[in-house]
There are 2 protein chains.
Amino acid sequence: MKYVHYMTDTTVVLDRVLLLATLVQADLARFEREEGLSTARVHLLWVLGASGPTTQQALAQALDVTPRNVTGLVDGLVASGHVTREPHPSDRRATLVTLTALGTRTVDGLAASHADLAAKLFGDVDPGRLAVFGDVLDETTQRFARLMEKA
Amino acid sequence: MKYVHYMTDTTVVLDRVLLLATLVQADLARFEREEGLSTARVHLLWVLGASGPTTQQALAQALDVTPRNVTGLVDGLVASGHVTREPHPSDRRATLVTLTALGTRTVDGLAASHADLAAKLFGDVDPGRLAVFGDVLDETTQRFARLMEKA
DNA sequence: GAGACATCGTGAAGTATGTTCACTACATGA
DNA sequence: TCATGTAGTGAACATACTTCACGATGTCTC
C-alpha cells in the first residue's frame, strides 16, 4: 500500500503513446484500403514524394530493405500507374523511380489526410499544454537516441 | 511571412508522436531478434500472457486476424517450444493455447524490457510536466475514438 | 433422440513482403 | 585495358496474411 496513488507510472505513459500510434496507424490503414495500396507501397510513395526522383538503391536505404525488395515494390507501383522508371541521366545502370500524376495526387492526398488528422487531434488542445506535450516528446526522443548510442 | 514562428503546428506534434512510436518499435524489433521471434508471434505470446490459456478463435479476434492464420502462428510457437495445445475441458472442438515455461519467461522478459524502456524514457521528466503529457495523450485518444464513431 | 445449423480448427491454394545468392550491365580508378 | 565495385534483376525460399472447403463437435428445436 505504498503511495502509488499519484499514478504517473511511466509504463502507463508509454502504453498511451503506443495506443495513440496504433490508432493513427489504423487511420493510415483506412487510407490504404481506399487507395488500394499496401503499407509498403505507400511508404515508398511517401519517401518518393519527399525526395523527388530517386534510384532504387537510395530507396532501399531509405526504406531499410534490400534493393531486391524495392524492385518488387516498384514493379507493383508501375503496374498500378503510380510511378515510372526513368533512365538516370548520367548512370546507365541506375533508374530513377519517378511519381506519375496519379502518384503525386496520392501523396498529396496522404499529406492532406495526415494534416487533417493532426488538426482534429491536437487543434483544440490549449497551446501552453500542447507546447509542454511537444517538448516532452522531443526530450524523450533525444533521450532515446542517446540510449541507442551507448548500446 | 505570417507569424508561424510560434511553431505549435499540430502536424509537427503528430509526427513526433509517430517518430517516438517508431523508435520504440525498433527497440521491440531488437528484442524479437534476440529471441528469434517474429512480430506476429511475439504479439500472440503477449496476448496469451495477458489472458491465460485461450482458444484459437479468441486469439484470432484479439489479434484481428483470421482463425486460419492463428493456426500457422501457433504451429510455429509449438515448434519453438513457447506454447502447447491443450484440450479444452468442455469443448472437444477447441484447443487451449497455453504458454510453456519458456513462453512465460519470454513474456516476462518482454514486460521487463518494456517497463525498463519506459523508465529510461520518462523517469527523468518532471512529474508535473509528465502529468500534462499523459493527460494530453488521454484526451487525444478519446477525441480520436469520438472521431471514429462519427465516421 | 434426430435433424438442422452454427462453430472450431485445418488442408489447399493464392498474394504480398521480405530475404539471400548469383548474374549481367555498367562505372571507375590504376 | 584490366580489376574491382555498384545498380538492378532472376531464382528460390520463408513468413504472414487471405479465402474457400471440409470434417468433427456443440447446440437448439421439434
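Everything numeric in this text was worked out from a predicted model, so none of it was measured. Lettering follows sequence order; numbering is per chain, from 1.
- Residue B/Thr95 places its side chain closer to C/dG9 than to any other of D/dG8, C/dG9, C/dA27.
- Applying the ring pair (Phe, Tyr, Trp, His ring centres under 6.0 Å) definition to pairs two or more places apart or across chains, none involves residues 52-91 of chain B.
- Here salt bridge (Lys or Arg N to Asp or Glu O under 4.0 Å) pairs that include residues 94-120 of chain A, with residues two or more places apart or in two chains, are A/Asp116-A/Lys120.
- Cluster annotation: B/Leu28 and B/Leu77 are assigned to the same hydrophobic cluster (Ile/Leu/Val/Met/Phe/Trp/Tyr, side-chain heavy-atom contacts under 4.5 Å, transitive).
- In this structure A/Glu32 satisfies the salt bridge (charged side-chain N to carboxylate O under 4.0 Å, His left out) test with no other residue, sequence neighbours excluded.
- C/dT28 atom P lies 10 Å from atom NE2 of A/His88, rounded to whole Å.
- If you check residues 23-35 of chain B against DNA chain D, you find no residue with a heavy atom closer than 4.0 Å.
- In this structure, B/Arg92 does not reach the C/dC8 phosphate: none of its side-chain N or O atoms is under 4.0 Å from OP1 or OP2.
- Listed by first and then second residue, the side-chain hydrogen bond (donor to acceptor under 3.5 Å, both in side chains) pairs involving residues 133-143 of chain B are A/Arg129-B/Glu139 (not counting sequence neighbours).
- Within residues 51-62 of chain A, the residues approaching DNA chain D are A/Thr55, A/Gln56, A/Gln57, by heavy-atom distance under 4.0 Å.
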Task: Reading 5' to 3' through nucleotides 11-19 of chain C, protein heavy-atom contacts under 4.0 Å coded B for base, S for sugar-phosphate only, - for none - done: BB----SBB
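- At whole-Å resolution of the value, CZ in B/Arg93 and C1' in C/dA6 are 8 Å apart.
- If you take CG of B/Leu37 and C1' of D/dA14, they are 15 Å apart, rounded to a whole angstrom.
- Within the structure, salt bridge (Lys or Arg N to Asp or Glu O under 4.0 Å) contacts touching residues 80-97 of chain B (residues at least two apart or in different chains) are B/Asp75-B/Arg85, B/Asp91-B/Arg93.
- By the side chain to side chain contact (heavy atoms under 4.5 Å, CB included) test, A/Val24 is found to be paired with A/Leu20, A/Leu117, A/Leu121, B/Leu14, B/Leu18, residues two or more places apart in sequence or in another chain being considered.
- A search for side chain to side chain contact (heavy atoms under 4.5 Å, CB included) contacts involving B/Ala62 returns B/Val47, not counting sequence neighbours.
- Tested against A/Thr100, the residues A/Thr98, A/Leu102, A/Thr104 include a single side-chain contact (heavy atoms from CB on, under 4.5 Å) partner, A/Leu102.
- Each salt bridge (Lys or Arg N to Asp or Glu O under 4.0 Å) pair with one or both residues in residues 33-46 of chain B, not counting sequence neighbours, appears once here: B/Arg30-B/Glu34.
- Qualifying ring-ring contact (aromatic ring centres under 6.0 Å, His included) partners for A/Phe133, counting only residues two or more places apart in sequence or in other chains: A/Phe122, B/Phe133.
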